[in-house]
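Below you'll find the structure, written out as structure tokens, and then a few comments.
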Amino acid sequence: MKSIGARLAICYVLASTVTFASLFLAGRYFIEHHAIHALDLLNQSEFEQIRASQTALGTKLSEAELRKRVQAMMSDKLELFFTEIYGTAGTVVFRSPGLHGRDIAPSPRHQAFNANVEGLGELRAGKFALGPYTVVVATTKEHVRVVMTAYEHAFYGLLIVMIAISSVIGYGFSRMALRPLRLIQDTADHIRSDNLSERIPLSGARDEISDLARLLNQMFDRLEASFDQIRRFTAEASHELKTPLTLVRLQAEKLVVDGQLTPAQEQAVQIQIKELAHLNRIIEDLLFLSRADARAISLDLRPQDPEPFLQNFAQDAHVLAEHRQQRFFLTHHGSGQAAIESKWIRQVLLNLLSNALAASSPGSRVTLRSTLVNQCWQVRVEDEGPGVAAEQRERIFERFVRIHRPGGEDKGSGLGLAICRSIVELHGGHIFAEAGPDGRGLSMVFEIPAVTPSDTAGNTPFKAPLHSTDAA
Ligand SMILES: Nc1ncnc2c1ncn2[C@@H]1O[C@H](COP(=O)(O)OP(=O)(O)OP(=O)(O)O)[C@@H](O)[C@H]1O
Ligand SMILES: [Mg+2]
């Protein structure tokens, strides 16, 4: 069973049931014991009456006299007691008519004993000496049995009620006991690389769970410090690399412009320039991502109708698609406004478009479907390429994750979608990939909340380096 809460509740119910059953068994033993003891006392007092009735006769008791006296004495309580009197030779001197001639068979060892007499059920009997005679007085145990059966029935009824009540208490108890753990779970669930400042709330108690929460908080402190260090390192390293890289590139370009290189040397330098440009782009992308992680990018969000913005983008998209012998289509429906900063959303669209064009073969179509309904602006970029397996669709948003396909282009650095996600999230939206229409190709979808015209937000825009696109 996976849930500790359920296990705790079950243990509580089991413990309550075992305690209740033990109490039942002990109670049963004492009640039965007392009831039987009461029967023994009854038998004893009956015998005392028999003895009292015989003492008047003196010590010499004839069998006939004894029988007569006992018979006369018992006539009014035939149902309650069964009496048997044995003579010295073991012969039966008297037997209650209620015994119907059956023998009680006294125990040779015990003074009080249980006897089973056919037709009468179990009897409780006592054996007493009366001069030379042995008197056996017995009472039916039926009343004890009835009491014990009623006791058992009451137990079963109470057991069901107890299980129901203890289940409710056990469930409540386990929820109460696990509340601090759920709090830890919820907080740990929220904490991600972009939200490392959150901490588990600590109660004043100094128990095992608050110790655990304290330990986890200390671990989050260390993690936050390490993440900050990594971010700072990435930002600083990218920044520091940019200047020497620009110098190297300028030097290489100067060599080409000077024209003193042999054709072979010039080709080698051109390759260097291309690779330097690629490297420069990666550095700029990393710089952007580390700033976005550190929330150092502020957007100038302006509510606007996305349609004219998309029409404008479509002009460039047509050219890029034609360059790859593909076709681009744009559809838009719905009306309203979304708070966006156009240059960043354009960047997202260019990245998605360049991925779609790179993945599709000549002659295929890339469609951008935009809808602005129900306070949400949704944009889908659909292509007819090979798509991405369902289990990879989330991974492709991670940094440097690329899926290599035989015959596919191998130019990118695997940062484009990570940047798209950062930009969309900075706009308060989300982005994900899903199978294309009819299961063909890939649909990249992003959604940004739509706003009413009065909802303006934003401040000074951050002049972050742009992620250049492959398709350009
Ligand atoms: N439309 C698509 N169809 C198929 N695969 C895709 C599509 N878009 C992205 N991918 C896969 O996801 C990977 C990651 O994409 P991403 O844009 O992050 O990096 P990239 O395009 O390889 O490099 P970069 O964009 O940084 O130049 C790509 O390498 C590609 O394998
Ligand atoms: Mg890309």
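All values derive from a computational prediction rather than experimental measurement. In this chain, residues are counted from 1 in sequence order.
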* How long is the span from the CG atom in L299 to the CG atom in L301, to the nearest 0.5 Å? -> 5.0 Å
* Side-chain touch L417/L352, heavy atoms, less than 4.5 angstrom -> yes
* Asked: If only atom types and distance count, is the side chain of E382 paired as donor or acceptor with the main-chain N or O of G436 below 3.5 Å?
  -> no
* Is Q265 reaching over with its side chain to a backbone N or O of T262, donor-acceptor style, under 3.5 angstrom? -> yes
* To do: For this output row, return yes or no: ring centroids of Y12 and Y171 closer than 6.0 angstrom.
  => no
* Asked: For the side chain of H278 and the backbone of K274, is there at least one donor-acceptor N/O pair under 3.5 Å apart?
  -> no
* Heavy atoms of other groups near E198 CD, more than 12 under 6.0 Å -> yes
* Check: R124/N114 side-chain N/O donor and acceptor closer than 3.5 Å -> yes
* Whether over 12 other heavy atoms sit under 6.0 Å from R440 CZ -> no
* **Aromatic centroids of F155 and H153 separated by under 6.0 Å** => no
* Asked: Would you call I36 and K141 a side-chain contact if the rule is heavy atoms closer than 4.5 Å?
  -> yes
* Non-hydrogen side-chain atoms of V379 and R369 separated by less than 4.5 Å -> no
* To do: Output yes when E284 and R281 qualify as a salt bridge under the 4.0 Å nitrogen-oxygen rule, no when they do not.
  => no
* Asked: Side chains of L196 and I191: does their closest heavy-atom pair fall under 4.5 Å?
  -> yes
* **Point-to-point distance, once rounded to the nearest 0.5 Å, from CD1 of I340 to CZ of F309** => 5.0 Å
* Asked: Can you find a pair of side-chain heavy atoms, one from V256 and one from E266, that are under 4.5 Å apart?
  -> yes
* Neighbour count above 12 (heavy atom, 6.0 Å) for F173 CZ -> no
* **Residues K254 and D258 bridged, charged N to O under 4.0 Å** => yes
* **From CG (L245) to CD1 (I283), nearest 0.5 Å** => 5.0 Å
* **Presence of salt bridge, R399 and D293, under 4.0 angstrom** => yes
* Kindly indicate whether the side chain of R365, heavy atoms from C-beta on, has any atom under 4.5 Å from the side chain of Q326. => no
* **H34 and F30 aromatic ring geometry - parallel, tilted or perpendicular at 30°/60° bounds** => tilted
* From I184 CD1 over to D189 CG, what is the distance, rounded to the nearest 0.5 angstrom? -> 13.0 Å
* Structure fact -> Minimal heavy-atom distance between L202 and R214, with the atoms involved, is CD2-N, 3.8 Å
* With a 4.5 Å limit on heavy-atom distance, are the side chains of Q311 and L330 in contact? -> yes
* To do: May I ask you to establish whether R199 and F220 are in a cation-pi arrangement, using a distance under 6.0 Å from NZ or CZ to the six-membered ring centre and at most 45° from the ring axis?
  => no
* Asked: Hey, do the aromatic rings of F24 and Y151 have their centres closer than 6.0 Å?
  -> yes
* Taking atom types as modelled and ignoring hydrogens, do the side chains of H430 and E425 form a donor-acceptor contact shorter than 3.5 angstrom? -> no
* Show your reasoning for whether side-chain hydrogen bond (donor to acceptor under 3.5 Å, both in side chains) applies to Q304 and S342. => CA-CA 9 Å; Q304 56 181 284; S342 313; 3.1 Å; yes
* Asked: Can you check whether S422 reaches L289 side chain to side chain, under 4.5 Å on heavy atoms?
  -> yes
* Distance-only donor-acceptor check, side chains S210 and D207, under 3.5 Å -> yes
* Count the heavy atoms belonging to other residues, nucleotides or ligands that lie under 6.0 Å from CG of D186, then report whether that count exceeds 12. => yes
